[in-house]
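Report on the following structure.
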Amino acid sequence: MVRENLKIVEENIRKACQRAGRSESDVTLICVSKTKPVEMIREAYEAGKREFGENKAQELKEKFEQLPQDVKWHFIGHLQTNKIKYIIGKACLIHSVDSYHLAEAIEKECVKKDAEADILVEVNVAQEASKFGLKLEDTMSLVEQIAGLPHLHIRGLMTIAPYVQDPEENRGIFRQLKKLSVDIRAKNIDNVDMSVLSMGMTGDYQVAVEEGATHVRVGTGIFGERNYHS
Ligand SMILES: *Cc1c(COP(=O)(O)O)cnc(C)c1O
């Protein structure tokens, strides 16, 4: 099932790239494997996938230890400061930094481990109360502040768009995030690049690709529905 689903998702990404006049190689598919067993991840691995996303620090650490070293683990969940220690040196990219307090705590852990961390700043573009992330208008100043932390490197922005029936409803959100990343890039801040735009999930990744996503995070579309109660 995983292999077949992957083919469909990859084909959809390819078509979205074509529509937008983008190159397929500019879009990375992150297979969101949270709650899913290692065997399913292996299936995706054997189909050639190397980028996986997890939203719980301990789960990422456990899976990191069980899967081949060439897997790239993306941390996409809300990160509590007391869990940072589980993912430093293991996550290739932390997608969800939304406060200076958290950034400082990551910096501290990096110093302790003599490591560095690539991060994205999470923006709650839709301003949903239920979601983490910064307001659009607060993002620039946080980016400038975090840029001063020597062990952290901002690689771009991330957003989680609302859950909608029609993905077209999220197009404006993706556009706003893209525009913000262009504005930040134009400032040429030291220690900041805007090469990553992490947006789009199972329900809306095709629209996100059309609007410039460099990384889409697809879970259900690859591994099927999650069951949080079993
Ligand atoms: C779970 C999750 C996803 C994947 O969601 P699907 O709708 O299953 O594709 C993507 N991004 C984040 C941050 C998530 O927590």
Side-chain angles (χ1 to χ4, degrees), residues 1-13 16 27-37 40-41 43-44 47 49 51-61 63 71-80 83-84 86-87 91-99 102 118-134 139 155-171 173-174 177 196-230:
M1 179 191 80
V2 169
R3 198 177 275 270
E4 290 73 25
N5 287 345
L6 272 170
K7 273 203 188 122
I8 294 167
V9 172
E10 285 170 335
E11 178 64 10
N12 287 338
I13 291 174
V27 180
T28 300
L29 171 60
I30 300 172
C31 307
V32 175
S33 49
K34 65 190 187 195
T35 80
K36 296 295 178 184
M40 283 184 107
I41 302 176
E43 250 186 281
K49 296 294 103 187
E51 318 249 351
F52 294 89
E54 291 287 337
N55 70 339
K56 297 264 189 299
Q58 275 138 310
E59 190 173 340
L60 186 151
K61 176 181 181 285
K63 288 173 172 171
V71 167
K72 289 168 98 178
W73 294 99
H74 293 257
F75 186 79
I76 61 174
H78 179 63
L79 185 55
Q80 292 166 286
K83 305 280 174 67
I84 295 169
Y86 296 121
I87 64 166
C92 68
L93 187 62
I94 301 171
H95 288 231
S96 44
V97 176
D98 64 356
S99 72
L102 176 59
D118 283 342
I119 65 160
L120 305 179
V121 170
E122 179 175 354
V123 187
N124 184 356
V125 181
Q127 303 216 13
E128 286 184 289
S130 60
K131 298 223 167 89
F132 293 100
L134 290 162
T139 305
R155 300 301 185 204
L157 304 176
M158 178 272 228
T159 197
I160 304 175
Y163 182 78
V164 289
Q165 289 300 326
D166 178 4
E168 283 299 328
E169 290 177 46
N170 283 337
R171 189 180 292 279
I173 288 175
F174 299 142
L177 194 70
V196 175
L197 207 52
S198 170
M199 56 189 197
M201 307 174 24
T202 296
D204 56 18
Y205 64 93
Q206 301 172 67
V207 174
V209 166
E210 288 170 12
E211 296 302 328
T214 66
H215 290 64
V216 292
R217 310 176 307 265
V218 179
T220 311
I222 297 168
F223 298 110
E225 295 288 340
R226 286 176 293 275
N227 182 353
Y228 288 101
H229 307 290
S230 63

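As the structure lists them, so they are numbered: ligands from 1, and atoms in each ligand from 1. All of these numbers come straight from a predicted model, not from anything done at the bench.
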Handout entry: Whether R217 side chain and V32 backbone form a donor-acceptor pair below 3.5 Å
Key = no
Give every pair formed by an N or O atom of ligand 1 and a protein N or O atom closer than 3.5 Å, one pair per line with both atom names and the distance to 0.1 Å, or write none.
{"from": "ligand 1", "atom 1": "8 (O)", "to": "T220", "atom 2": "N", "distance (Å)": "2.8"}
{"from": "ligand 1", "atom 1": "8 (O)", "to": "T220", "atom 2": "OG1", "distance (Å)": "2.5"}
{"from": "ligand 1", "atom 1": "8 (O)", "to": "R226", "atom 2": "NH1", "distance (Å)": "2.8"}
{"from": "ligand 1", "atom 1": "8 (O)", "to": "R226", "atom 2": "NH2", "distance (Å)": "3.0"}
{"from": "ligand 1", "atom 1": "9 (O)", "to": "T202", "atom 2": "N", "distance (Å)": "3.0"}
{"from": "ligand 1", "atom 1": "9 (O)", "to": "T202", "atom 2": "OG1", "distance (Å)": "2.4"}
{"from": "ligand 1", "atom 1": "9 (O)", "to": "G219", "atom 2": "N", "distance (Å)": "2.8"}
{"from": "ligand 1", "atom 1": "11 (N)", "to": "R217", "atom 2": "NE", "distance (Å)": "2.8"}
{"from": "ligand 1", "atom 1": "15 (O)", "to": "K34", "atom 2": "NZ", "distance (Å)": "2.7"}

Problem - Salt-bridge criterion met for K56 and E59 (N-O under 4.0 Å) - result: no
Practice task
Output the distance between atom NE2 (H78) and atom NZ (K131), rounded to the nearest 0.5 Å.
Solution key: 14.5 Å
Handout entry: Aromatic plane relationship, F52 with W73 - under 30° parallel, 30 to 60° tilted, over 60° perpendicular
Key = tilted
Exercise for the section: Before accepting this row, confirm whether a basic side-chain N of the pair R171/E168 lies closer than 4.0 Å to the acidic partner's carboxylate O. Expected result: yes
Exercise for the section: Please indicate whether E225 has more than 12 foreign heavy atoms, meaning atoms of other residues, nucleotides or ligands, lying under 6.0 Å from its CD. Expected result: no
